[in-house]
Amino acid sequence: MEVRTRFAPSPTGFMHLGGVRTALYNFLYARKMGGKFILRIEDTDQERFVEGATDVIYDTLKACGMNWDEGPDVGGPCGPYIQSERKDLYLPYAKQLIRSGHAYYCFCTKEELEARHEAAKARGEVFKYDKHCLRLTQAEIQRRLDEKVPYVIRMNAPETGESTYHDLVFGDMTFQNSDAMDDMVLIKADGMPTYNFANVVDDHLMGITHVMRGMEYLSSTPKYNFLYNAFGWEIPQYVHLTTVMRDEKHKLSKRDGDAYYSDFISKGYLTEALINYLALVGWNPGDNREFFTLDELIEAFDISGLHTSPGIFDVNKLTYFNAEYIRRLAPEKYLELAAPWFDQALAGTRVDYRRLAELMQARTEIFSRVPDMVRFLKDLPDYDTELYVNKKQKSSLESAPEALSFCRDVLERVPDWNETVIHDTLIPAIAEAGKKNGAVLWPLRIALSGLLSTPGGAIEIAYLLGREETLRRIGLGLDKLAHANA
RNA sequence: GCCUCCAUUGUCUAGAGGCCUAGGACGCCGCCCUCUCAAGGCGGAAACAUGGGUUCGAAUCCCAUUGGGGGUGCCA
């Protein structure tokens, strides 16, 4: 039988990383098995409607390379794929359950329910719907229906017995019906189905064979199975996924500003790195491999590698993956991606981006850190002369001035201002003068950058700065040192 | 409260009774390379939550405790 998986997000306006991972596993499994990956939008909560939210879902999935075979935009044999557009389809199914005794009309108002909820809470109990409306006679029901009294349709859950189902990652799950079941609402007062109901109906109608979703549904699954059984439908395979956590106690949340796919992309993380890392939080291939392309993930993915314990999303490790992916970029690609970030700090300068990109590529972990790393090329920071002191390089406050004026003399004579010529002029000159490279180049680099660490050494920086600016900064350094030594 | 899931270094994890004096990766520390910082190379510190069983033998199986997650909505 063909495997059919689905990703069924509700359009909130953002793609949570946990959602991205759920989508990924569904996608991976479908592709691995040569099956179909279906996208379904679950927008049954009209109050939460967000304009343009479905586009966020489409764009994210596409950017990640997770192409769906059936969905709202591409269509398919089981459409429509947006639940609000399927609205009229659910009521007949609910009525079928009423006829078979598995569901019933409920006319209790939200206010009444809330009051009973509060009362139960005051007694230290947890409220569970008491089947109040199940006791209504047929005539009473009909009268209210005729009077257009608002109603919901509830599931008539069993109060005794137990339910067992098999989960592909957690194994056999058994619950007492008294614990796991309640008369949950199937059809809301506004005529919309609840998630619980639409989910079951749609998964069946769409021929979903494997339901892969967050483990928050682990304990409500018996209720869904009750529905499948009531309809006489085949129960799908369940694959419950652990939660992606921020730390031991908290899951990734919007509050921290690091829960959404877009948060990471705007910070300069590469989609490929994010996907690669995300796949590994909660799943492992069974060996020590860590780097995977999407195709390699498809190849390696297996449900048996899914974990039962929650994983903490480690930004540190993600950053490592990102840095590695950046290093593997073709130089032109790196330049293309880095240029906008260079612009942020260097707009208005004539810095050679191509050369800068070469120097920066191995030093870039996240693009958002790039501007601060290159800003010194535009504006020399107001640095402390202590930076000139470096024992290992034999540079001191006393030796630096002479080194700098030496550099000035040599650099003034450099015929062509390109890196090779600068290098081939300076280095031999240092040797001829009987000086040590470090003792000259260390103070030079400090004078040119005002920084303890820089992308590239003194010669590279001199080249990027241009002759004029280089000589100007040397002069500035000399002044600073004269002042400090006075 | 009740139900339920989970538990190997700071983090992600390997481990499915003897292969474990517990392996890999990130991070951290040190060394090398070097005009700085990265990158790269080499090395180091760092874990089986606790207590009971079962067994010749337990990180691996069972139970309890502790800790954490999730559920308990006309949200999904």
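A note on names: the letters A, B, ... follow the listed sequences, proteins ahead of strands, and every chain is numbered from 1.
Of the inter-residue distances, the one linking A:L91 atom CG with A:I153 atom CD1 reads 5.0 Å to the nearest 0.5 angstrom.
If you take atom C1' in B:rU8 and the same atom in B:rG24, they sit 13 Å apart, rounded to whole Å. Look at the P atom in both B:rG69 and B:rG30: the space between them is 36 Å, to the nearest Å. Across B:rG41 and B:rC48, the matching C1' atoms stand 32 Å from one another, rounded to whole Å. A gap of 25 Å separates the P atoms of B:rG23 and B:rC62, to the nearest Å. Between B:rA14 and B:rA47, the distance separating the two C1' atoms is 13 Å to the nearest Å. Rounded to whole Å, the separation between the P atoms of B:rA16 and B:rA7 comes to 15 Å. Rounded to whole Å, the separation between the P atoms of B:rC61 and B:rA39 comes to 39 Å. Between the P atoms of B:rC35 and B:rG27, the separation comes to 26 Å (whole Å).
When each of A:T109 and A:E460 is assigned the nucleotide of RNA chain B with its nearest heavy atom, A:E460 is the one assigned upstream, toward the 5' end. With the nearest nucleotide of RNA chain B identified for both A:M184 and A:M245, A:M245 has the one nearer the 5' end.
Counting any heavy atom pair closer than 4.0 Å across all strands shown, A:K392 reaches a base atom. Residue A:G214 is out of contact with every strand shown, counting any heavy-atom pair closer than 4.0 Å. Using a 4.0 Å heavy-atom criterion, one finds that A:C407 contacts no nucleic acid atom at all. Residue-level contact check: A:D179 touches the backbone only, with heavy atoms under 4.0 Å from sugar-phosphate atoms and none from bases. Residue contacts shown for A:S309 are limited to sugar-phosphate atoms, with no base heavy atom under 4.0 Å away. When heavy atoms are screened at a 4.0 angstrom cut-off, A:S220 is found touching no nucleic acid atom at all. Within the nucleic acid shown, A:F127 comes within 4.0 Å of sugar-phosphate atoms alone, with no base atom in reach, counting heavy atoms only. At the heavy-atom level, A:K110 lies under 4.0 Å from base atoms of the strands shown. Among the protein residues, A:T44 comes within range of the sugar-phosphate backbone only, with heavy atoms under 4.0 Å from sugar or phosphate atoms but none that close to a base. In this structure, A:M192 reaches neither bases nor backbone, as no heavy-atom distance under 4.0 Å exists between it and the strands shown.
For the pair A:K188 and B:rC75, the criterion of a side-chain N or O lying under 4.0 Å from OP1 or OP2 is met. For B:rC26, the OP1/OP2 oxygens have no side-chain nitrogen or oxygen of A:T319 closer than 4.0 Å. At B:rA76, none of the side-chain N or O atoms of A:Y195 fall inside 4.0 Å of OP1 or OP2 (strictly under the cut-off). When the side-chain nitrogen and oxygen atoms of A:Q361 are compared with OP1 and OP2 of B:rA39, none of them lie within a distance under 4.0 Å. OP1 or OP2 of B:rA14 sits under 4.0 Å from a side-chain N or O of A:N284. Using a 4.0 Å cut-off, some side-chain N or O of A:H307 falls inside it from OP1 or OP2 of B:rA14.
Both tests hold for A:K435 against A:F406: distance to the six-membered ring centre under 6.0 Å, angle to the ring axis within 45°. For the pair A:R144 and A:F107, the distance from NZ or CZ to the six-membered ring centre is under 6.0 Å and the angle to the ring normal is within 45 degrees. For the pair A:R154 and A:Y129, the cation-pi criterion (under 6.0 Å, within 45° of the ring axis) is fulfilled. In this structure, A:K95 forms no cation-pi arrangement with A:Y105, as its terminal cationic atom is not both closer than 6.0 Å to the ring centre and no more than 45° off the ring axis.
In this structure, B:rA39 makes no Watson-Crick or G-U wobble pair, since no nucleotide meets both defining distances under 3.5 angstrom. Nucleotide B:rA64 forms a pair with B:rU50, judged by Watson-Crick or G-U wobble geometry with both contacts under 3.5 Å. Pair assignment for B:rA25 gives B:rU11, based on Watson-Crick or G-U wobble hydrogen-bonding distances that are each under 3.5 Å.
Within a 6.0 Å sphere centred on CD of A:E402, heavy atoms belonging to other residues, nucleotides or ligands number 12 at most.
No N or O donor and acceptor, one from the side chain of A:K223 and one from the base of B:rU72, sit under 3.5 Å apart. Side-chain atoms of A:Y217 come within donor-acceptor range of the base of B:rA76, with a qualifying N/O pair under 3.5 Å.
Picking from B:rC35, B:rC74, B:rA39 the nucleotide with the shortest atom distance to the side chain of A:W442 gives B:rC35. With distances taken from any side-chain atom of A:M173 to the nucleotides B:rU4, B:rC6, B:rC35, the minimum falls on B:rU4. When distances are taken from the side chain of A:N196 to each of B:rA76, B:rG70, B:rC5, the shortest belongs to B:rA76. Among B:rU36, B:rC75, B:rG10, the nucleotide with an atom closest to any side-chain atom of A:D45 is B:rC75. Of the listed nucleotides (B:rC35, B:rU72, B:rC3), B:rC3 has the atom at the smallest distance from the side chain of A:F175. Counting only heavy atoms from C-beta on, A:I312 has its side chain closest to B:rC12 among B:rG1, B:rC12, B:rA39. Residue A:R363 has its side chain nearest to B:rA38 when only B:rA38, B:rC74, B:rC5 are considered. Of the candidates B:rC74, B:rG70, B:rG24, B:rG70 carries the atom nearest the A:E216 side chain, counting heavy atoms from C-beta on. Distances from the side chain of A:L218 to the nucleotides B:rC5, B:rA76, B:rA25 place B:rC5 closest. Which of B:rC35, B:rA25, B:rG69 sits closest to the side chain of A:K249 comes down to B:rG69.
Between A:N322 atom CG and B:rA39 atom P the separation is 14 Å, expressed in whole Å.
Residues A:N437 and A:Q393 have side chains not in contact (no heavy-atom distance under 4.5 Å, counting atoms from C-beta outward). For the pair A:L318 and A:L278, the minimum side-chain heavy-atom distance is 4.5 Å or more.
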**OP:** Please lay out, stage by stage, how A:K223 and A:D182 fare under the test salt bridge (charged side-chain N to carboxylate O under 4.0 Å, His left out).
**Re:** CA-CA 8 Å; A:K223 292 191 279 195; A:D182 65 17; 3.4 Å; yes
